[in-house]
Amino acid sequence: MCGIVGYVGPRPALPVLLDGLSRLEYRGYDSAGVAVFDGDRVLACKRQGRLSRLEAALAHEILAGGGTGPDGRRARTGIGHTRWATHGVPSDENAHPHGDCSGRFWVVHNGIIENYRELKEELAARGHRFLSQTDTEVIPHLIESLYEGDLVRAVGAATRRLRGSYAVAVMSPLHPDTLVAVRQESPLVVGLGEGENFLASDVPALLEYTRNTYILDEGEMAVLTPDRVEVADRAGRPVAKRVFRVTWDASMAEKGGYGHFMLKEIHEQPTALSQTLAPRLTEEGEVRGEEEALDPAWLARFRRVHLLACGTAYHAGLVGKYLLERLARIPAEAELASEFRYREPLVDRDTLAVVISQSGETADTRAALREARARGAGVLAVVNVVGSSIAREAERVLYTWAGPEIAVASTKAYSCQVAVLTLLALHLGRLRGTLPAEEARRLGRSLRALPAVVERALSGAARVEEVARCVAVHEDAFFIGRGLDYAVAQEAQLKLKEISYIHAEAYPAGELKHGTLALIVPGTPVVALATQPDLSEKTMSNVEEVRARGGHVYLFAPASLTGGPGEGPGGRPAPGGGEASAGAEAAAGVEVITLPEVDPRLAPAAAVVPMQLLAYYAAVARGCDVDKPRNLAKSVTVE
Ligand code: G6P
């Protein structure tokens, strides 16, 4: 967790650092800080709260500094940090950068130093004074204690004493125009400029300045000066890095006219799905098998599948499990990565571990990947961020081409994960002979057409907004469904909880009567999903059970299953019937919202759209900070 930035070069460093931090706030935003060197002195400034508080403090400090204090405007070297607290509450003292006793070594850190207690005791016994409760603060003091005139050597020696995960950047006024950075389990990217160089936890912070990057590998150390970047491995041997050129645009990571990144990303789903699917399917609906990850010889080895992930990616895994079993008739389990790693899982050479992650950096997911690999499983990563840790540690990768996802609540990454897993299930179904060729082609063509279906789902946003305003006044909500609808319900409840802070639960519709029905009182909002023809009648019975207890049901279903207006059976929109419009004659206590028609096996990617919009508009109605929900962060690189 946390975001790191660094700069060395001819520009004023502060604006570069603050701009970079603003693009990394998704990694944590409970405090922020910078340390810059003005050629004479270090200006270190840090504040609890959002970046705007740091900016205000800096403006004040620079003015107040006047002729006496360090002059931030002259600074050409600096480091910055945006924090998501692990050790020590969010506060000015615990915010980074942290310094040593003498103010000669300044450090920003992302990750956790597991042995910080013993190091702190040891250093304190030798007279070092600590000002914060963080694990990070041991690093500048260690460097101080090991420094003998060579910063690179001291940083190397200090990091060799650390256990845990970290990305660190170090600045020292004794070595002007120099930054030293080390990566161990937490991401770090070097941005290569001309006569200037940059450092960041993630690419969006660099795009304004350069597209040429070095992605640091485990244990590597980079030494940045304006004209050079030298990278060495753990043993200090020089590493010849390959330049990784970023192809996506800075504007792709901007809001583009939408009020929030989340809304923008919800609306980007048709494009994201096209990017993910079109290159992998022929117009006839056949899976192009050129990617290594789809190699029939490799896939033939596996007898079962484990889908491992956290949060939203796990919910995509639930859809994947269902489709792998249904289309490829291969036993599949979806499991939370944080549970998998500690339960001595029954995984062997015959197992395909499908590791799903938007960021490719989630610590729990990475650990599950390693656990699976150590037990001999084949590892296939479904990842969005190119060059991320999970992408590099996996044996093979299927990228979701969703583009940068900034909002903490994941949306387009989910639909693209579902699309990739559907494609994998389809492909395995053909390879294993469980899916007849014509049937597979038909499904493949429908999959190719999914972006248009999602577009139609988006056209019903206004109706969903009305529903959201009604849900927003409640403190509890329920989501019910069966089969694939239950999988989507789980993602729907997470979305609502994450950003609107409404307590929400997903329940298999048939299980409601075994306990949860006790919680339904007059007016309780219950969102029912019914996209599966073979199950919809059963779900409708459960809807009746809710209605009979006074619950208020919002039923999301295609017109073909409710008999209301919308699309006819041929898939054409019926006159006047917009998507997600009020459908069948609403019975008292039941409002029907019509979903677009689509092959039921592909329904999750369409049904999730109004669920995302519901959460979004409910959060907006409640005045919540949609893109930066409290206590959460986008990329969780700690256990
Ligand atoms: C965090 C985010 C979630 C995300 C999960 C997994 O908890 O807040 O939105 O689903 O991590 O992230 P990943 O990058 O591995 O998909």
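Here, residue 1 is the first one in the sequence, and each next residue gets the next number. In each ligand, atom 1 is the first atom listed, and ligand 1 is the first ligand listed.
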Salt bridge present between Glu55 and Arg50 (N-O < 4.0 angstrom): no
Which ligand 1 atoms does Gln358 reach within 4.0 Å, using its non-hydrogen atoms? 13 (P), 14 (O), 15 (O), 16 (O)
Would Ala633 count as a contact residue for ligand 1, given that I'm defining contact as a non-hydrogen atom of the residue lying under 4.0 Å from a ligand atom? yes
Is the shortest N/O to N/O distance between Ser359 and ligand 1 below 3.5 Å? yes
Run the salt-bridge test on Lys634 and Glu265 with the 4.0 Å N-O cut-off and return the result as yes or no. no
Between Thr134 and Asn94, do the side chains contain a donor N or O and an acceptor N or O under 3.5 Å apart? no
Electrostatic pair Asp217-Lys241, nearest N-O below 4.0 angstrom: yes
Starting from atom 10 (O) of ligand 1, which protein heavy atom do you reach first, and at what distance in Å? Thr312 N, 2.9 Å
To the nearest 0.5 Å, what is the distance between NE2 (His81) and OG (Ser31)? 8.0 Å
Starting from atom 12 (O) of ligand 1, which protein heavy atom do you reach first, and at what distance in Å? Thr362 OG1, 3.3 Å
Checking side-chain hydrogen bond (donor to acceptor under 3.5 Å, both in side chains) between Gln493 and each of Lys495, Lys497, Glu491, Gln490, which is the one that passes? Lys497
Look at the rings of Tyr258 and His267 and say which category their plane angle falls in: under 30° parallel, 30 to 60° tilted, over 60° perpendicular. parallel
Check for me whether Val636 has a heavy atom closer than 4.0 Å to any atom of ligand 1. yes
Nearest protein heavy atom with distance in Å, relative to atom 11 (O) of ligand 1: Lys634 O, 3.8 Å
Closer than 4.0 Å to some heavy atom of Gly311 - which atoms of ligand 1 meet that? 10 (O)
I'd like to know whether ligand 1 has Cys310 as a neighbour, heavy-atom separation below 4.0 Å. yes
Strictly under 4.0 Å, does any heavy atom of Glu498 approach an atom of ligand 1? yes
Gln358 side-chain N/O to Ala413 backbone N/O, donor-acceptor pair under 3.5 Å: no
Just distances here: any N/O of Val408 and N/O of ligand 1 closer than 3.5 Å? yes
Could you say whether the N/O atoms of Thr365 and ligand 1 ever approach to under 3.5 Å? no
